[in-house]
Protein chains: 2
Amino acid sequence: MAYEPPRIAVTTDIVLFTIREGVLQVLLLRRAIPPFINVWALPGGFVELHEALEDNARRKLHEETGLDNIYLEQLYTFGALGRDPRERVVSVAYVALTPADDLHPEAETRAGTVAWHRVDPLPALAFDHAEIIAMARQRLVAKLDYSTIAFQFLPPQFTLSDVQDIYEIIQGQPMDKRNFRKWVLALDDLEETGDYRTGHHRPAMLYRLKNPDLVRITK
Amino acid sequence: MAYEPPRIAVTTDIVLFTIREGVLQVLLLRRAIPPFINVWALPGGFVELHEALEDNARRKLHEETGLDNIYLEQLYTFGALGRDPRERVVSVAYVALTPADDLHPEAETRAGTVAWHRVDPLPALAFDHAEIIAMARQRLVAKLDYSTIAFQFLPPQFTLSDVQDIYEIIQGQPMDKRNFRKWVLALDDLEETGDYRTGHHRPAMLYRLKNPDLVRITK
DNA sequence: TTGATTAAGTGTAATGTAAACACTTATATT
DNA sequence: AATATAAGTGTTTACATTACACTTAATCAA
C-alpha cells in the first residue's frame with residue numbers, strides 16, 4: 001500500500017518595489033474576482049505542475065506588468081491554515097525591484113487595475129499580503145546595509161546623488177554627502193560614463209554599474 | 001467556469017545541526033523506502049492539508065528524533081522540476097540547531113537508520129539535499145556574525161570557552177581569547193550562574209543565557 | 001607534598017573604520 | 001550680470017577592532 005501525499009495549491013506572491021515620488025512604492029492589483037473582490041492584492045498566482053517557482057513569479061510579473069529580467073529573490077513561504085478562504089494554499093513570496101521609469105502600468109489588465117501604492121500608508125489588502133509586504137520591507141532595509149541591492153532601483157545611468165536618494169528614502173534619514181560618496185565609490189562597483197546630466201546647477205557625472213545584473217554582498 | 005489550480009505535494013526538509021566531536025554535524029536518515037532506498041536523506045515529510053508548515057517540520061523532527069522545542073527557522077523553498085523522481089514536490093527547508101547531548105538517535109526508527117554525520121565530507125544524499133545542506137551552512141555561518149544563534153548549540157550552562165569553541169568550529173579559524181570574551185560579554189545576553197566547572201586546570205565560570213529561547217539580531 | 005600540566009582569566013596600546021564638518025564650482029534662470 | 005541650485009571635494013575626531021603575554025587555580029604524577 002503506497003502512501004498518497006496530500007496535494008496543496010501553491011502560489012507565488014511578488015512584492016515589487018520601486019522608488020517613485022520620493023517614496024518607496026509597491027505594485028498592487030485590484031482583484032477582479034472573489035475572494036477579496038475589489039480589494040488590493042500582490043501580483044502572483046498559482047504554480048503550474050510543470051513550472052519552477054521562480055519561473056512562475058517571473059511569468060506572473062510579466063503578464064501583469066510587462067516587466068522582464070528584473071531583480072527577484074525568494075523572500076519566505078507562507079503556509080498558515082486559513083490564509084486563503086477557498087482552500088489550503090501555500091504561497092512562496094518573492095521580492096522584486098525595478099526603476100520607476102521602467103513601468104507605467106496600464107490602468108486595466110485582464111487581472112484588474114494595476115497601480116503603484118506608497119507603502120506608508122498601505123490600503124486594505126487581501127489575504128495575508130500586508131504581512132508579506134512588511135517582511136519584504138524588512139528584508140529590503142536589511143539588505144541595503146550589506147549588499148548592492150539599492151542599485152536595482154536605478155536606471156542604467158545615474159548620479160551619485162541619485163544613489164544617495166535611494167538610501168535616504170528607504171532608511172528614512174539623511175546621510176552626509178561627502179561620507180556617502182566616499183563609501184559608494186569605495187565599493188568599486190561603479191564606473192564613470194563620461195557623460196553628465198545637466199540641470200540649472202553644476203552638471204553631475206553619470207555613473208554606471210560595472211556589472212549591472214550583479215547584486216553583491218558587501219560585508 | 002471556475003479555475004481549478006494544480007495541486008502539488010509539499011514537504012518539509014529539516015537541516016538539524018549540532019556540534020559533536022569538535023566539528024559541525026548534521027542529522028541524516030538512511031531511507032528505508034524508494035526512491036533513493038538506503039541513501040542518506042534529511043528528516044522531513046509531506047505536509048498534511050490541515051497542518052502548518054512549521055508544525056509539520058517540528059512534528060517530523062519529533063517523530064524521528066524525540067526532540068522538542070528546539071530552535072527552528074525557515075531557510076528556503078526548493079521547487080525545481082524533477083527534484084523528486086516520483087512527482088512534482090515543493091519542499092520548504094528549515095534549519096534547526098541543538099546541543100549535541102540532547103540527542104542520541106536510536107540506531108533504528110520506523111523511518112530507518114538515524115545518525116549524525118560530519119558536514120565535511122558528506123555522504124551521498126538523496127534528492128537535492130546536498131544543495132539544501134550547503135545553503136543551510138551558508139545561513140548558519142552568516143547568522144553567527146549578526147545574531148546570537150550560536151548559543152542554541154549549547155546546553156543551559158556553559159563556559160565562555162565553550163562559546164568560543166562553537167565560533168571557532170563553525171568559522172574554521174581561531175579567535176583571540178581576550179577579545180572574544182570582551183565581545184561576548186558585551187552582548188549582555190549572558191549572566192554568571194555562580195557555579196564552576198572543574199577539570200585538571202583552573203575552574204571555569206558557568207554562564208547561562210538571560211533569555212534561553214531568544215535568538216537576537218546583534219547588528 | 002611538590003612539581004608539572006592544563007585551561008581560565010585578565011588590560012593596554014596600536015590600528016583601522018566611521019563620523020563630523022563648510023566651502024567652491026558649474027550650470028540654468030531671470 | 002546677478003541669483004539660485006545642486007555638484008563636487010579633505011581633514012580631523014571619535015569610536016571600534018585588533019594585536020598581544022602573563023598569572024591563576026585546579027588535576028595529575030612522581
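Predicted model, so just to flag it, every value in this text is computed and none were measured. Protein chains get the first letters and strands the later ones, always in sequence-line order, with residue 1 at the start of each.
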*asked:* Taking the basic N atoms (NZ, or NE/NH1/NH2) and the acidic carboxylate oxygens, is any pair closer than 4.0 Å for B:K143 and B:E73?
replied: yes

Please report, to 0.1 Å, the donor-acceptor pairs under 3.5 Å made by any side chain of residues 195-202 of chain B, with sequence neighbours excluded.
{"from": "B:R197", "atom 1": "NH1", "to": "B:D162", "atom 2": "OD1", "distance (Å)": "3.3"}
{"from": "B:R197", "atom 1": "NH1", "to": "B:D162", "atom 2": "OD2", "distance (Å)": "3.1"}
{"from": "B:R197", "atom 1": "NH2", "to": "B:D162", "atom 2": "OD2", "distance (Å)": "2.9"}

*Report, as yes or no, whether the 6.0 Å neighbourhood of atom CG on A:D68 holds more than 12 heavy atoms from other residues, nucleotides or ligands.*
yes

*In whole angstrom, what separates A:R202's CZ from D:dA7's C1'?*
5 Å

*Give me the first and last nucleotide of DNA chain C, going 5' to 3', that has any atom under 4.0 Å from a heavy atom of chain B.*
C:dT6 to C:dT12

*Mind checking side chain to side chain contact (heavy atoms under 4.5 Å, CB included) for B:V215 and listing every partner two or more places apart, or none if nothing turns up?*
B:Y71, B:S147, B:T148, B:I149, B:Q152

*Which heavy atom of A:A57 sits nearest a heavy atom of A:T12, and at what distance?*
CA-OG1, 3.8 Å

*Considering only heavy atoms, which members of residues 167-182 of chain A lie under 4.0 Å from some atom of DNA chain C?*
A:D176, A:R178, A:N179, A:K182

*Quick one: is D:dA6 close enough that its OP1 or OP2 comes under 4.0 Å of any side-chain N or O from A:S161?*
no

*Taking the six-membered ring for Trp, are B:F127 and B:H129 parallel (under 30°), tilted (30 to 60°) or perpendicular (over 60°)?*
tilted

*asked:* Applying salt bridge (Lys or Arg N to Asp or Glu O under 4.0 Å), can you list everything that pairs with B:D188, at least two apart in sequence or on another chain?
replied: B:K210

_Side-chain touch B:F158/B:D165, heavy atoms, less than 4.5 angstrom_ = no

*asked:* If I compare all heavy atoms of B:V39 with all of B:A124, which pair ends up nearest, and what's the gap?
replied: CG1-O, 3.8 Å

N/O contacts under 3.5 Å, protein versus nucleotides 27-30 of chain D?
{"from": "D:dT27", "atom 1": "O4'", "to": "B:G199", "atom 2": "O", "distance (Å)": "3.4"}

*Looking at side-chain heavy atoms only, is the closest gap between A:L190 and A:L209 below 4.5 Å?*
yes

*Value in whole Å for how far the P atom of D:dA6 lies from CD of A:Q164*: 13 Å

